[in-house]
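Remarks on the structure that follows.
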Amino acid sequence: MTVNRFGLGLRSLLGILLWMGWLAAIVVLHAVQPPADHALGGDRWTLVTAQAKLSLPHQWAPDSGLRATRYQTTAELAAAPDEPWAIYIPSLSMNAAVFVNGVRIGDGGNLTEPLARQTFHPLLFRVPDVLLRAGTNEIAIDLHSEPAGTGFLQQVYLGPQAQLKPHFDLRYLLKTQFYIGLFVAVVVIAIIMFGVWWVRRGERVYLMYALSSAPFLIYVLCIAAPDLPLPSLWRDYLQWVAIMWMIVAIVLFTINFLGLSQPRLTRFLGRFSVIAPLPLAALALVLTPETFHFVLIHIWLNTVLGFGVYPVWLFARELWLRRDARTFWMLAAGGSILLGGAHDVLFLNGLITPFNGYYYQYAIPLALVVFTSILGARFLNALRESEDLNRTLNQRVLAKQAELERSYEELKRSEQQRTLADERERIQRDMHDGLGGTLVSTLAGLDMQGEQDSPAAQSLRTALDDLRLMIYSLDQTSSTLRAALSMLRERLARLADDAGLALEWDMQPLPSELALERGVTLQVMRIVQEAFTNTVKHARATTFGFTASATPDGVTLEMRDDGCGFDPAQTKSGSYGLSNLRTRAQKIGGRLEIANATPGTRITLWMPISQ
């Protein structure tokens with residue numbers, strides 16, 4: 001259910017409220033400090049180099065020329081502590097060493113070039129039990145920063161270690177462990193996205209997303225790693241060049257992500273990201289560290305951060321066009337980064353205090369979640385579409401394979417039919433020219449001898465008719481049942497005349513196009529011929545009737561006579577006529593019924609039609 005014109009659901013509204021709560025919590029947690037009674041010095045701190053009294057927090061003047069100085073104060077104790085105490089510094093720039101009663105109790109790392117950077121990181125130093133005493137205790141902090149005039153020191157606390165440690169842990173979580181977790185998350189996501197791009201190289205957005213993480217990782221190392229083996233000047237150079245690369249990568253990713261075509265801007269940003277660091281490096285070589293730092297912060301940084309407004313504007317325009325929750329979250333992610341970056345620009349330009357450090361990184365998790373989930377969903381949808389396409393293609397391949405198999409089977413049957421046809425033609429020729437010729441010549445010889453009516457001549461004529469019937473059944477040009485039965489009628493008509501038998505032949509109900517297999521046709525003709533022969537031999541009939549009809553599932557042939565009839569249940573021993581009829585009917589899958597017709601006999605054959 002949508003609840004406003006931008007299509008935001010209740011879950012989206014709840015999500016943005018949670019995100020705003022997260023940002024508010026970050027601000028509140030940065031403000032959490034130990035109790036005021038643990039604060040050291042009050043306004044009794046002395047800046048040794050200037051012999052000036054001051055209170056903490058304190059920020060060096062840009063024109064002070066300071067690179068190192070000592071802060072001193074005293075702590076009055078009524079009695080020596082009976083539990084471990086510690087000194088806690090929530091934030092400083094950029095490193096410090098701490099002394100208690102003239103004894104160095106710890107530092108944040110290397111205090112000479114390359115200077116260890118603990119900027120914005122908390123420091124906690126346990127005070128050895130023997131150092132603190134009842135009465136006055138001298139506390140000194142040597143602060144080092146590069147370039148000159150960039151140092152600051154937040155309030156310093158002295159008290160029981162058990163009370164200060166939770167505050168240190170919270171600040172360490174915000175300023176150190178958060179960076180480490182973010183670094184690991186970005187590396188993992190970059191590797192996954194690079195792998196996705198490797199699988200789907202046609203979609204550059206995954207590669208752009210993976211590559212955009214590289215400058216961010218460089219930036220995180222410059223901010224969070226205390227002991228990079230680089231001089232402060234070149235560490236600043238690398239940090240702010242990485243910011244430029246990161247913003248350019250974000251712009252290019254946004255263009256690809258939204259599917260925009262902006263070749264001129266893309267070419268310009270690509271060339272700018274390669275060429276611009278070169279004159280900046282030249283300035284680092286010729287300018288003083290202080291002047292170069294001013295150029296980095298007030299000219300370079302403000303210029304490149306202006307590019308960061310463009311992707312936010314693109315997402316805002318996309319939201320106006322689409323007005324859906326997905327685009328809203330993209331704008332929220334970009335807007336959060338822009339808001340965090342704006343805070344950092346303000347303190348870098350001296351418009352707000354720097355003690356809480358950078359906020360930019362706290363907006364990154366939302367961007368990671370939003371864009372990773374969107375790209376992940378896009379990849380999963382592409383996989384599903386690919387699977388659906390593969391499934392469809394497989395179905396088409398299987399269908400085509402089945403079609404090819406059917407075609408092959410048809411071709412195979414055609415080849416078999418052609419082979420059988422050739423064999424039938426050969427048999428026809430052999431029967432016609434061989435056996436048929438012998439029968440005709442023998443019958444002609446009997447006729448010449450005046451024995452044309454002899455039993456031998458009659459047997460030869462019957463054999464010749466059978467031969468012609470078989471040759472006809474093999475004839476490919478006469479394939480319909482009506483044609484075969486018409487030919488049979490012509491054969492039987494002469495025999496009926498000789499026997500004084502009237503022949504009634506009705507094939508009107510039989511479709512003219514109905515065709516049977518040639519072996520079936522031969523069996524049908526044999527059954528009709530056998531029924532006719534039985535009528536002539538045994539029935540003493542005057543009429544032989546034949547009717548053929550068809551239904552969608554079969555053909556019915558009825559043969560009847562008006563003879564003396566007989567009982568089908570009582571057959572003579574050694575008589576095979578009826579048995580042959582039934583055997584032939586079974587071979588073609590048909591049913592044969594023999595019944596008295598009063599007068600005469602009726603034989604009914606039903607056989608199926610192959611579909």
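Being a predicted model, the structure only gives us computed values, none of them experimental. Numbers here simply count residues along the sequence, with the first being 1.
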Please report the C-alpha distance between Tyr359 and His30 in whole Å, then the side-chain angles of each, then the deciding distance to 0.1 Å, and finally whether the side chain to side chain contact (heavy atoms under 4.5 Å, CB included) criterion is met. CA-CA 10 Å; Tyr359 277 9; His30 276 82; 3.7 Å; yes
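- Relative orientation of the Phe371 and Tyr209 rings is tilted, given thresholds of 30° and 60° on the angle between their planes.
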Can I get a per-line list of side-chain donor-acceptor pairs under 3.5 Å for residues 248-256, giving both atom names and the distance, sequence neighbours left out?
| from | atom 1 | to | atom 2 | distance (Å) |
| --- | --- | --- | --- | --- |
| Thr254 | OG1 | Ile250 | O | 2.7 |
| Asn256 | ND2 | Leu252 | O | 2.9 |

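- Distance CG/Leu143 to CG/Leu92: 5.5 Å, rounded to 0.5 Å.
- Listed for the Thr372 side chain is a donor-acceptor partner under 3.5 Å among the backbone atoms of Leu368.
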Give the intermediate values and the outcome of side chain to side chain contact (heavy atoms under 4.5 Å, CB included) for residues Leu296 and Leu283. CA-CA 10 Å; Leu296 278 178; Leu283 291 176; over 6 Å; no
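- With values rounded to the nearest 0.5 angstrom, Phe120 atom CZ is found 9.5 Å from Arg171 atom CZ.
- Contact annotation: the side chain of Leu77 never approaches that of Arg133 to less than 4.5 Å [non-hydrogen atoms, C-beta and beyond].
- Looking at Asn110 and His144, their side chains never come closer than 4.5 Å, going by heavy atoms from C-beta outward.
- The cationic group of Arg201 lies under 6.0 Å from the six-membered ring centre of Trp198 and within 45° of the ring axis, placing it in a cation-pi geometry.
- For residues 286-302, the salt bridge (charged side-chain N to carboxylate O under 4.0 Å, His left out) pairs, not counting sequence neighbours, are Arg67-Glu290.
- Residues satisfying the side-chain hydrogen bond (donor to acceptor under 3.5 Å, both in side chains) test with Ser373, not counting sequence neighbours, are none.
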Could you walk me through whether Ile337 and Tyr360 pass side chain to side chain contact (heavy atoms under 4.5 Å, CB included), step by step? CA-CA 6 Å; Ile337 294 176; Tyr360 164 81; 3.4 Å; yes
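- The two residues Ala316 and Leu331 have their closest heavy-atom pair at N-CD1, 3.7 Å.
- You'll find the side chain of Asn381 stays beyond 4.5 Å of the side chain of Arg378, heavy atoms only.
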Which pairs would a plain distance check flag for residues 176-191, meaning a side-chain donor or acceptor within less than 3.5 Å of a matching protein atom at least two apart in sequence or in another chain?
| from | atom 1 | to | atom 2 | distance (Å) |
| --- | --- | --- | --- | --- |
| Tyr179 | OH | Gln361 | OE1 | 3.2 |
| Tyr179 | OH | Gln361 | NE2 | 3.2 |

Criterion ring-ring contact (aromatic ring centres under 6.0 Å, His included) on Tyr358 and Phe347, from CA distance to verdict: CA-CA 9 Å; Tyr358 300 108; Phe347 91 70; 5.3 Å; yes
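- For the ring-ring contact (aromatic ring centres under 6.0 Å, His included) condition, the pairs that include at least one residue of residues 63-119, sequence neighbours left out, are His58-Tyr71.
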Set out, in order, the CA-CA distance, both residues' side-chain angles and the distance that settles side chain to side chain contact (heavy atoms under 4.5 Å, CB included) for Tyr172 and Leu124, then state yes or no. CA-CA 10 Å; Tyr172 188 78; Leu124 182 71; over 6 Å; no
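- Across Leu123 and Gly108, no two heavy atoms sit closer than the pair CD2-CA, 4.3 Å.
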How far apart are the C-alpha atoms of Phe257 and Tyr206, what are their side-chain angles, what is the distance that settles it, and do they pass the ring-ring contact (aromatic ring centres under 6.0 Å, His included) test? CA-CA 9 Å; Phe257 182 82; Tyr206 297 104; 9.5 Å; no
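- Ala367 approaches Ala333 most closely through the heavy-atom pair CA-CB, 3.7 Å.
- No hydrogens or angles considered: nothing links the side chains of Ser386 and Asp388 as a donor-acceptor pair under 3.5 Å.
- In terms of the ring pair (Phe, Tyr, Trp, His ring centres under 6.0 Å) criterion, Trp313 has no residue partners (sequence neighbours excluded).
- Looking at residues two or more places apart in sequence or on another chain, you find a ring pair (Phe, Tyr, Trp, His ring centres under 6.0 Å) between Trp197 and Phe194.
- Here the side chain of Asn390 pairs no donor or acceptor atom with the backbone of Asn394 at under 3.5 angstrom.
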Please tabulate, one pair per line, all N/O donor-acceptor pairs under 3.5 Å involving side-chain atoms of residues 266-281, not counting sequence neighbours.
| from | atom 1 | to | atom 2 | distance (Å) |
| --- | --- | --- | --- | --- |
| Thr266 | OG1 | Gln262 | O | 2.8 |
| Ser273 | OG | Leu269 | O | 3.2 |
| Ser273 | OG | Gly270 | O | 2.8 |

Please list, one pair per line, the donor and acceptor atoms closer than 3.5 Å that link side chains of residues 50-57 to other protein atoms, with sequence neighbours excluded.
| from | atom 1 | to | atom 2 | distance (Å) |
| --- | --- | --- | --- | --- |
| Gln51 | NE2 | Val48 | O | 2.9 |
| Lys53 | NZ | Thr46 | OG1 | 3.0 |

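- Residues Leu164 and Pro34 are in side-chain contact: their nearest non-hydrogen atoms beyond the backbone lie under 4.5 Å apart.
- Salt bridge status for Arg200 with Glu203: present, with a side-chain N to carboxylate O gap under 4.0 Å.
- Listed by first then second residue, pairs satisfying salt bridge (charged side-chain N to carboxylate O under 4.0 Å, His left out) with a partner in residues 89-107 read Arg104-Asp107, not counting sequence neighbours.
- Side-chain contact between Gln33 and Gln154 is present, with heavy atoms from C-beta onward closer than 4.5 Å.
- Residue Thr73 comes nearest to Gly41 through the heavy atom pair OG1-CA, 3.2 Å, listed as atom of the first residue, atom of the second, then distance.
- When every heavy atom of Tyr157 is checked against every heavy atom of Pro90, the shortest pair comes out as CE1-CG, 3.8 Å.
- Counting heavy atoms from C-beta on, the side chains of Leu170 and Leu29 come closer than 4.5 Å.
- Inspection of the His293 and Asp236 side chains reveals no N or O donor paired with an N or O acceptor under 3.5 Å.
- Partners of Asn137 under the side-chain hydrogen bond (donor to acceptor under 3.5 Å, both in side chains) rule, at least two apart in sequence or in another chain, are Asn101.
- Judged purely by distance below 3.5 Å, without hydrogens or angles, the side chains of Gln59 and Thr353 never pair a donor atom with an acceptor atom.
- Residues Ser336 and Leu366 approach most closely at OG-CD2, 3.8 Å, considering heavy atoms.
- Checked against ring pair (Phe, Tyr, Trp, His ring centres under 6.0 Å), His38 has no partners two or more places apart in sequence or in another chain.
- Atom CG of Leu265 sits about 10.0 Å away from atom CG of Leu260, to the nearest 0.5 Å.
- Inter-residue side-chain proximity for Leu40 and Thr74 is flagged as unmet; no heavy-atom pair is nearer than 4.5 Å.
- A donor-acceptor contact shorter than 3.5 Å is absent between the side chain of Lys175 and the backbone of Ser91.
- In this structure, Gln239 CD and Leu230 CG are separated by 11.5 Å, a value rounded to the nearest 0.5 Å.
- Applying the side-chain hydrogen bond (donor to acceptor under 3.5 Å, both in side chains) test between Thr150 and each of Ser232, Ser93, Ser145, Ser64 identifies Ser145 as the sole match.
- Counting only distance, with no hydrogens or angles, the side chain of Arg235 and the backbone of Cys222 share a donor-acceptor pair below 3.5 Å.
- At a threshold of 4.5 Å between non-hydrogen side-chain atoms, the residues Asp142 and Leu111 do not count as touching.
- Under a cut-off of 6.0 angstrom, the local environment of CZ in Arg204 is sparse, with at most 12 non-hydrogen atoms contributed by other residues, nucleotides or ligands.
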